[in-house]
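Notes follow the structure.
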Amino acid sequence: MNYKKLKNFPKNFLWGASTSAYQVEGAWNEDGKGLSVIDVKENPEGTSDYKVAADHYHRYKEDIALMAEMGLKAYRFSIAWTRIYPNGTGEINKKGIEFYNNLINELLKYNIEPIVTMYHFDLPYALQQKGGWSNRETIDAFENYAKTLFENFADRVKYWLTINEQNMMILHGTAIGTVDPNMENPEKELYQQNHHMLLAQAKAIKLCHKMCPNAKIGPAPNIVSIYPASSKPEDIIAAHNWSSIRNWLYLDMAVFGRYNSIAWSYMEEKGYTPTILEGDMEILKDAKPDFIAFNYYSTETVAESKGNDLDKMSRKGDQHIVIGEPGVYAGALNPNLQETDFGWFIDPVGFRTTLREINERYNLPLLVTENGLGAYDKLEEGDIINDDYRIDYLRKHIEQAKLAITDGVNLIGYCPWSAIDLVSTHQGIRKRYGFIYVNRDEFDLKDLRRIKKKSFYWYKKVISSNGENLE
Ligand code: BG6
């Protein structure tokens, strides 16, 4: 549809930016923090670990002052479960509570709305040693952790996100550390873990509504539109299959409290169906999120399965992600899209499509909690970073968000990844996303000083004009 006039971004739109604890904080073993699965995970050769990251733990005041200067209305960050409960459960670490109290208070000082992710990939290692998400005790540990977060922070935090990218933890469990990479046939285990995470999420949602009537809570998966490689009906079925397995399995459960039928048939066919105990489905049905948060980077394109390994397509230059599963769908290229330096397709229109799809399916407010461009930024003489490619990427996505709002999507906020440079999940610090440059290399920590990129000044204008000035 070509509109004569586009709608404006809503008045209290949450223009924000995002990070996650392990990728930005550093201080991995300070002030009583326990080990998480990330701290013990082997990092790909040649990439940094997360021990120092951007050293935000020690520099949060300076970082928040910069966020305020950029004009952020919201900051989405995660709480490290192991700072609050070093062993996942048991004794509370007061220093951890103190750190997040200080962080939240500092944000509020500048009228920046805190948006808190409760769990972003960094499961306490002590829980992992007892089976992690395969063990139902982790559901109780999460509920107890959620209770502690609400008790301590919900007087100031209104927006809560349960679990970051649960779907990626299941689909790429060996890469993210949810299951042992040496395990034979981890998929069945992963879908059992998925069931337990869904229960943990439902319990946290229920608890949030009981304990904090003014708060809002939602899931935060990675959701993207799936295109068929052609108009061939079989390609359309393949796209539908993959979308149900990759996207809707997670959101149908979060919103409607039921397993998506196509995803369930897939699990049956593969022998992955989880054990469901009496009472589980009631718990899942009983929890309703207030909004849907989601991360969007690029769409995926798939074709009819050939039924063999030719279905599998590796994404170029990426973290060895393979798209395609024999008998279900085949990975395909999309000749209409360009790729980033890291082989991720750039698809702003797909962002609008994704927003429209989620909106139509669930009719809930939407909050974008990640979107951005990972690139090799160059620090030039005079502390200049000309990241025009990032500005271009974000501008095109914001334009599409505006179109989606005109389409009727109830979009309440946009938090690009990332507020500040941080260590990427698989490619170290060299793959940068931030508006603020952190002066360090993969292994040379240099002075870690903060430098405003060109995109910093650009985003500041976007925010101050409420999305009207994208030049
Ligand atoms: C999302 C995660 O998957 O994508 C972030 O929630 C991550 O933690 C981001 O950093 C970008 O991915 P990557 O692999 O480039 O860091």
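Positions are given from 1, in the same order as the sequence printed here.
- No donor-acceptor contact under 3.5 angstrom links the side chains of W458 and D387, judged on distance only.
- Between the side chain of D441 and the main chain of F443, no donor-acceptor pair closer than 3.5 Å is present.
- E30 has no carboxylate O lying under 4.0 Å from a charged side-chain N of K95, or vice versa, which leaves the two without a salt bridge.
- Electrostatic pairing of R440 and D444 does not count as a salt bridge here, judged by no charged N lying under 4.0 Å from a carboxylate O.
- Among residue pairs with one or both ends in residues 75-86, those qualifying as salt bridge (charged side-chain N to carboxylate O under 4.0 Å, His left out) are E25-R83, R76-E370; sequence neighbours excluded.
- Taking the ring axis of Y376 as reference, the NZ or CZ atom of K431 does not stay both within 45° of it and closer than 6.0 Å to the ring centre.
- The closest donor-acceptor contact from the side chain of T162 to the backbone of Q201 lies at 3.5 Å or more, if one exists at all.
- For the pair D347 and G350, the tightest heavy-atom approach, listed with the atom from each and the gap, is OD1-N, 2.8 Å.
- Here the side chains of L355 and F351 are in contact, with some heavy-atom distance below 4.5 Å.
- Residues passing the side chain to side chain contact (heavy atoms under 4.5 Å, CB included) test with N260 are S244, W248, D252, I262, A263, R361, sequence neighbours excluded.
- The closest side-chain donor-acceptor pair between E339 and W344, if any, does not fall under 3.5 angstrom.
- Separation of atoms CG (L198) and CE (M253) is listed at 5.5 Å; rounding is to 0.5 Å.
- Ring geometry for Y22 against Y50 counts as perpendicular: the plane angle is over 60°, on a 0 to 90° scale with 30° as the lower cut.
- The line from CE of M169 to CH2 of W133 is 8.0 Å long, rounded to the nearest 0.5 Å.
- Applying the side chain to side chain donor-acceptor pair (under 3.5 Å) criterion to D280, with sequence neighbours excluded, gives R136, H195.
- I398 CD1 to L394 CG: the interatomic distance, rounded to the nearest 0.5 Å, is 6.0 Å.
- With sequence neighbours excluded, no residue forms a ring pair (Phe, Tyr, Trp, His ring centres under 6.0 Å) with Y85.
- By the 4.0 Å N-to-carboxylate-O rule, D39 lies close enough to K33 to be salt-bridged with it.
- Taking 4.5 Å as the limit, every side-chain heavy atom of V255 sits out of range of all side-chain heavy atoms of K288.
- You'll find the ring centres of Y57 and W28 outside the 6.0 Å limit.
- Checking E357 against T354 by side-chain atom types alone, no donor-acceptor pair falls below 3.5 Å.
- Remark: F456 engages no residue in a ring pair (Phe, Tyr, Trp, His ring centres under 6.0 Å) (not counting sequence neighbours).
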(request) Please lay out, stage by stage, how F99 and D31 fare under the test side chain to side chain contact (heavy atoms under 4.5 Å, CB included). (result) CA-CA 9 Å; F99 172 68; D31 290 342; over 6 Å; no
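- Side-chain atoms of L364 and D290, non-hydrogen and from C-beta on, never get closer than 4.5 Å to each other.
- Counting only heavy atoms from C-beta outward, the side chains of T82 and L35 never approach each other to under 4.5 Å.
- Y250 is linked by a side chain to side chain donor-acceptor pair (under 3.5 Å) to nothing, counting only residues two or more places apart in sequence or in another chain.
- In this structure a side-chain-to-backbone donor-acceptor pair under 3.5 Å is missing from R352 to Q400.
- With respect to E442 and R430, a salt bridge is recorded, a charged nitrogen being found less than 4.0 Å from a carboxylate O.
- A donor-acceptor pair shorter than 3.5 Å cannot be found between the side chains of N43 and D49.
- Of the candidates T369, N222, N167, N295 forms a side chain to side chain donor-acceptor pair (under 3.5 Å) with just one, namely T369.
- Remark: side-chain polar atoms of T148 are paired, donor with acceptor, to backbone N or O of N144 under 3.5 angstrom.
- Inspection of the D377 and Y389 side chains reveals an N or O donor paired with an N or O acceptor under 3.5 Å.
- Looking at K270 and K188, their side chains never come closer than 4.5 Å, going by heavy atoms from C-beta outward.
- Residue pairs that meet the salt bridge (charged side-chain N to carboxylate O under 4.0 Å, His left out) test with at least one member in residues 109-126, sequence neighbours left out, are E106-K109.
- Between R59 and D55 there is a salt bridge, with a side-chain nitrogen of the basic residue lying less than 4.0 Å from a carboxylate oxygen of the acidic one.
- No hydrogens or angles considered: nothing links the side chains of Q192 and Y272 as a donor-acceptor pair under 3.5 Å.
- Taking the side chain as every heavy atom from C-beta outward, L103 and F153 never approach each other to under 4.5 Å.
- Looking at M267 and L249, their side chains come closer than 4.5 Å, going by heavy atoms from C-beta outward.
- Listed by chain and residue number, K452 satisfy the side chain to side chain contact (heavy atoms under 4.5 Å, CB included) test with Y457 (two or more places apart in sequence, or in another chain).
- Within the structure, salt bridge (charged side-chain N to carboxylate O under 4.0 Å, His left out) pairs that include any residue of residues 151-166 comprise K147-E151 (at least two apart or interchain).
- In this model, a donor atom of one side chain and an acceptor atom of the other lie less than 3.5 Å apart for T19 and Y75.
- Although no hydrogens or angles enter the test, the distance criterion places no donor-acceptor pair under 3.5 Å between the side chain of N194 and the main chain of L190.
- Considering only residues two or more places apart in sequence or on other chains, E380 meets the side chain to side chain contact (heavy atoms under 4.5 Å, CB included) condition with K378, I384, N386.
- Counted by atom type alone, Y100 and N152 present zero donor-acceptor pairs between their side chains at under 3.5 Å.
- Note on residues 416-426: pairs passing salt bridge (charged side-chain N to carboxylate O under 4.0 Å, His left out), not counting sequence neighbours, are D421-R432, D421-K453.
- Annotation: E62, atom CD; neighbour count of heavy atoms from other residues, nucleotides and ligands within 6.0 Å is above 12.
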Which pairs of donor and acceptor atoms, one on a side chain in residues 409-418, lie under 3.5 Å apart (sequence neighbours left out)?
residue	atom	partner	partner atom	Å
Y414	OH	N371	OD1	2.6
S418	OG	I420	O	2.9
S418	OG	G434	N	3.4

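- Considering OH of Y119 and OG of S36, their distance stands at 9.5 Å, rounded to 0.5 Å.
- A 4.5 Å side-chain heavy-atom check between M118 and I79 finds every atom pair outside the cut-off.
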